[in-house]
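In what follows, residues are counted from 1 in the order of the sequence shown. Computed from a predicted structure; not experimentally measured. Counting starts at 1 for both ligands and their atoms, following the listed order.
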Amino acid sequence: MKILNNGQLTILDIDKKVTLYGFVANKRKMGKLIFVDLRDRWGITQLVIKNKIKNFSKESILKVVGKVKERKDKNPNLKTGEIEIIVENIEILSFAKQLPFIIQDELEAKEDTRMHHRYLDLRRPIITNKIVIRHKFNKAIRYFLDNLDFLEIETPSLSKPTPEGARDFLVLTRKKDHFFALPQSPQIYKQLLMCSGFEKYFQIAKVFRDEDSRKDRQPEFTQLDLEMSYANEEDVQKIIEKMFKFVFKKLNKEIKIPFKRINYLEAIEKYGVDSPDIRFECFLYEVTKMFRNSSFNLFKNSSSVKFIHCYEILTKKQILQLKEVAMKNGSKNLIWGFIDNNYEGPAYKFFKNEMKLIEKKFNLNKGTFLFIGDNYKLTTKSLGAIRIKLNEFFNWTKNKNDELVWILNWPLFEYDENLKKYIPSHHPFTSPTKDSIKDFDLNKNKAKARAYDIVMNGYEIGSGSVRISNLEIQKRMFEAIGLNKQEYNQKFGFFLESFNYGFPPHAGIALGIDRIVMLLTNSKSIREVIAFPKNPNGIAVMEKSPTKIIEKN
Ligand code: ASP
């Protein structure tokens with residue numbers, strides 16, 4: 001068995017005889033000597049090979065026996081930089097052929113090439129380290145929750161559909177036309193665990209949603225799923241805040257608690273999105289009324305006109321990029337204006353008078369103005385996306401501390417334009433607020449939820465709620481989202497039955513571990529922090545799956 005690793009020997013080990021194993025990260029010939037950097041996941045140790053020269057390539061695997069000596073040229077950047085091993089015996093345990101890419105942190109290889117050989121990609125220290133941080137993160141969570149008497153309980157992966165708003169992955173069975181669904185979340189099971197009397201549950205759970213992949217989305221991902229009986233929204237929020245504080249500390253990071261709290265409507269109004277990055281300002285300003293009597297018809301006739309402003313002067317190319325962002329978010333009406341030394345741009349051509357009033361009202365006499373006039377949803381959504389793009393241009397968040405924020409006071413439902421009906425903003429197990437209980441099924445556009453989301457640096461990293469624990473309310477909720485009695489009994493009858501036998505009030509949350517680790521490790525996508533991820537098209541490029549079903553007769 002391997003006893004020593006390549007990141008541990010120091011000046012205190014001088015003259016010890018040691019055995020080391022690892023990959024040949026680097027090899028340099030200097031006269032009659034060969035210097036090798038021997039790498040494993042703990043670090044690098046320098047080997048000096050004198051007489052025992054054998055032919056081996058980079059990334060081959062060596063076993064060496066030798067003596068620890070003090071180095072003449074020390075390397076302060078390396079944990080083992082003060083010593084080297086004078087090799088006495090060398091064994092090549094495995095030869096490596098020419099690799100498809102070099103194993104180093106900075107790399108030009110395409111992502112698909114790296115994913116084809118993900119096991120090589122994982123050897124790169126920068127990636128290895130992300131997986132190590134993920135392990136430490138999960139371990140700290142488990143430690144923290146165990147100390148508070150939470151139990152980790154596994155729930156099934158072969159299951160019935162769970163409504164979280166995505167498509168289900170289905171698993172064929174040997175029984176003709178019968179299938180399981182993979183869980184979009186353990187939601188129903190964790191609630192049933194409350195009914196079972198476990199009171200404090202958590203699970204680091206794999207969940208599955210068949211939806212388009214993005215940099216922060218994968219078809220299978222990992223949640224910290226948590227549920228507590230006799231708890232309300234503040235109880236859950238406080239535990240999560242303390243957990244973050246603890247885990248951050250374990251990772252040598254600081255975070256201030258309590259986190260900020262922002263109402264859902266305020267988030268949309270000010271930041272344009274329900275997952276705001278609050279590390280920078282650049283808010284949305286409301287100016288609909290100022291255009292009511294305007295001669296600029298486009299805005300005069302828009303139900304919502306807003307703008308954002310930044311002190312930087314944008315280039316024409318940047319403006320074009322922002323127009324694309326607006327288009328992607330459904331709005332064609334981006335109008336811009338500059339104040340530098342001069343006044344410039346369509347805003348000063350189309351509505352100069354309004355611009356003068358706006359400059360005065362908001363005390364802004366320099367910089368770039370970006371307006372959108374559309375309906376409220378499109379105006380806020382487009383400007384929200386533009387705000388994020390502006391930060392990409394100017395990097396206002398560079399060197400800023402992480403910011404976590406709770407988004408509260410959610411609507412219970414949202415109107416789905418494609419389905420032409422109301423769907424739950426979260427899921428149909430979320431309790432309406434006290435005020436909404438009496439008529440949430442009649443006034444769906446007004447109903448409020450006892451739900452909360454948690455957002456880190458502009459990414460939604462979790463959501464939760466106080467749950468419905470009353471049978472009649474749960475049935476009304478299913479009806480409100482368009483399920484008739486027969487349908488809800490067929491889908492959720494087993495769950496509804498449990499309400500008859502004593503069901504404690506309960507609340508919970510689920511946090512996206514991949515996203516949090518992505519942010520903690522400054523990664524560009526969650527793919528970097530998952531050992532074997534799918535590519536952006538949802539395909540496992542190394543294994544080449546999914547594959548076609550071949551019918552056997
Ligand atoms: N099941 C929810 C989700 O996966 C989280 C929760 O309400 O606990 O988003």
For ligand 1, does T430 get within less than 4.0 Å through its side chain, its backbone, both, or neither, judged by non-hydrogen atoms? neither
Part of R467 with heavy atoms under 4.0 Å of ligand 1, whether side chain, backbone, both or neither: side chain
Using a strict 4.0 Å cut-off to heavy atoms of S185, name the atoms of ligand 1 that fall inside it. 1 (N), 4 (O)
Judging by distance only, is a nitrogen or oxygen of Q187 under 3.5 angstrom from one on ligand 1? yes
What is the closest protein heavy atom to atom 5 (C) of ligand 1, and at what distance does it sit? S463 O, 3.3 Å
Flag yes if more than 12 heavy atoms outside K200 fall under 6.0 Å of its NZ atom; otherwise flag no. yes
Using the ring of each side chain (for Trp, its six-membered ring), is Y271 parallel, tilted or perpendicular to F283, with breaks at 30° and 60°? perpendicular
Say whether H427, considering both its backbone and side-chain N or O atoms, lies within less than 3.5 Å of an N or O atom on ligand 1. yes
What do we get for K190 next to ligand 1 when only non-hydrogen atoms under 4.0 Å count, side chain, backbone, both or neither? side chain
Return a yes/no value for E227: is any of its N or O atoms, backbone included, closer than 3.5 angstrom to an N or O of ligand 1? no
Under 4.0 Å, heavy-atom basis, I'd like to know which part of Q191 is in contact with ligand 1: side chain, backbone, both or neither. neither
Protein heavy atom at shortest distance from atom 2 (C) of ligand 1: E164 OE2, 3.3 Å
For F532, is the NZ or CZ atom of R527 found under 6.0 angstrom from the centre of its six-membered ring and inside 45 degrees of the ring axis? no
Parallel, tilted or perpendicular: ring planes of H506 versus F503, cut at 30 and 60 degrees: parallel
